[in-house]
Protein chains: 2
Amino acid sequence: MIPENLLEEYNARIVNLSKDTIIFNQGKPAYYYFQVLEGEVKMAHYNEDGQEFIQGIFNNGMSFGEPALFGEFTYPCSAVTIKDTSIAKMRSEDFFKLLENNFEIHKKFNNILSKRLRYKGIILNEISSYPAAHRIQTVLKYLRHKYGQEQEPFEVPFTRQQIADMTGLRVETVIKTIKQLSQKDELNIHDHKVVLK
Amino acid sequence: MIPENLLEEYNARIVNLSKDTIIFNQGKPAYYYFQVLEGEVKMAHYNEDGQEFIQGIFNNGMSFGEPALFGEFTYPCSAVTIKDTSIAKMRSEDFFKLLENNFEIHKKFNNILSKRLRYKGIILNEISSYPAAHRIQTVLKYLRHKYGQEQEPFEVPFTRQQIADMTGLRVETVIKTIKQLSQKDELNIHDHKVVLK
DNA sequence: TGATGCGTATGATCTAAGTCATAAGAGAAC
DNA sequence: GTTCTCTTATGACTTAGATCATACGCATCA
């Protein structure tokens, strides 16, 4: 998102985190702009009973958590590393100063917020209107797009549990449905991994 | 969103539309910035079988459809007036020029995009994790907040069908569930209207 | 004034997905 | 090499919500 020289110029700090580290918790106020340099971060809701709903997965160069800065609300989700990860962290004041001085970057943030909004709208419609198989395929197709693997076969880098947490389904349902999809030849299962063709 | 003097300065045109007029259709490219001056507009997905999913309701002063401009994608939803409505309409180029010259307004757009993102995230979590009664109550509570009726009893200005279309439930389910909620004294039904206390 | 349409209402039945139980493979941890 | 934990897998059973059918009140309008 923000190029390295600007991160430096506006006093971002680099932080290295091991897998499964909590970056911030839902309900907490936002003071920093975050950007993934290396690794991967998930943002998820946790309900009272511990059930998880994954709102997004962020990696190389992507910013996360900035809607809470822009919208001036507390984090609606928690952010947790799902790999060893290094992030850049910039104070809110510096971040807004940066935007004020760099119209194109500011515009870029509108762009990515809008794209996320679009994705959420699509998923919302999916979840409320379509059966499990369709939901799963839509999410997988989106992930393929996100990982830029549109041509070659795409080995989905997520467990059945994670797919369940992104679609609002149960693990068992995901397992059974993916099995059925592979039987209908809509996708492949190689060595237990889901592979889109 | 954008004050009247700036709308004028950047060549916005005012258009008057009667109830149930389509402003744009899903799948079409975006050329204009839109803002409601008077009346009300809904944005909704329509599936093949004609089923509707309402993504948002926009009224006095709110902008709509601008994510498609920012994100450079075609409209994921259609926009339709649900009352007689007058809107301001500004060409995309003028709109971006305006933002470039008005940092605070530009920032305000980040703010509202972020808030919408937050709402969608909440609804997404609701729909995927909670039973019908909870979903309905969350949406109604949100609407009350949106219409700024936090204190007094709030007469919900939507039909059961519209609530169904916002929660991804069926009309019958909404009717039955609201009945149950009123029996459990969680809300009132006055003269067939849903009233939050 | 009767027809048409829309919103609300309610019961009977059906079904997709959730829940529960159980197991087996795979990797990490000791 | 054994234990632990996570993931995949599968089958039996339960259930929330969808579907379907029917009805009634109310507004509109021809």
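Chain letters run A, B, ... following the sequence lines, proteins first, then strands; residues in each count from 1.
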Rounding to a whole Å, what distance do you find between [X]:[atom1] and [N]:[atom2]?
X	N	atom1	atom2	result
B:Lys176	D:dT15	NZ	C1'	14 Å
B:Ile127	C:dA17	CD1	C1'	16 Å
B:Asp165	C:dT8	CG	P	12 Å
A:Asp191	C:dA24	CG	P	19 Å
B:His190	C:dG7	NE2	C1'	19 Å
A:Lys193	D:dA9	NZ	P	12 Å
A:Tyr130	D:dA18	OH	C1'	17 Å
A:Ile163	D:dC6	CD1	C1'	15 Å

So, is B:Lys179 close to the C:dA9 phosphate, meaning a side-chain N or O under 4.0 Å from OP1 or OP2?
-> no
Taking only N and O in the side chain of B:Arg170, is any of them less than 4.0 Å away from OP1 or OP2 of D:dG17?
-> no
Side chains of A:Leu181 and A:Gln183: closer than 4.5 Å at any heavy-atom pair?
-> no
For A:Ser128 and A:Arg160, take the nucleotide of DNA chain D holding the closest heavy atom to each; which residue's nucleotide lies nearer the 5' end?
-> A:Arg160
Look at the side chain of A:Thr159 and decide which nucleotide, out of D:dT8, D:dG17, C:dA17, has an atom nearest to it.
-> D:dT8
Would you mind telling me which of C:dT8, D:dA9, D:dA18 lies closest to the side-chain atoms of B:Leu169?
-> D:dA18
Parallel, tilted or perpendicular for B:Phe109 and B:Tyr33, by the 30°/60° rule?
-> perpendicular
Answer yes or no: does atom CD of B:Glu38 have more than 12 heavy-atom neighbours from other residues, nucleotides or ligands under 6.0 Å?
-> no
Exceeds 12 heavy-atom contacts within 6.0 angstrom, atom OH of B:Tyr31 | no
A:Ala133 or A:Glu172, whichever maps to the more 5' nucleotide of DNA chain C = A:Ala133
Would you check, one step at a time, whether the test salt bridge (charged side-chain N to carboxylate O under 4.0 Å, His left out) holds for A:Glu40 with A:Lys83?
-> CA-CA 6 Å; A:Glu40 206 154 39; A:Lys83 292 182 183 168; 3.4 Å; yes
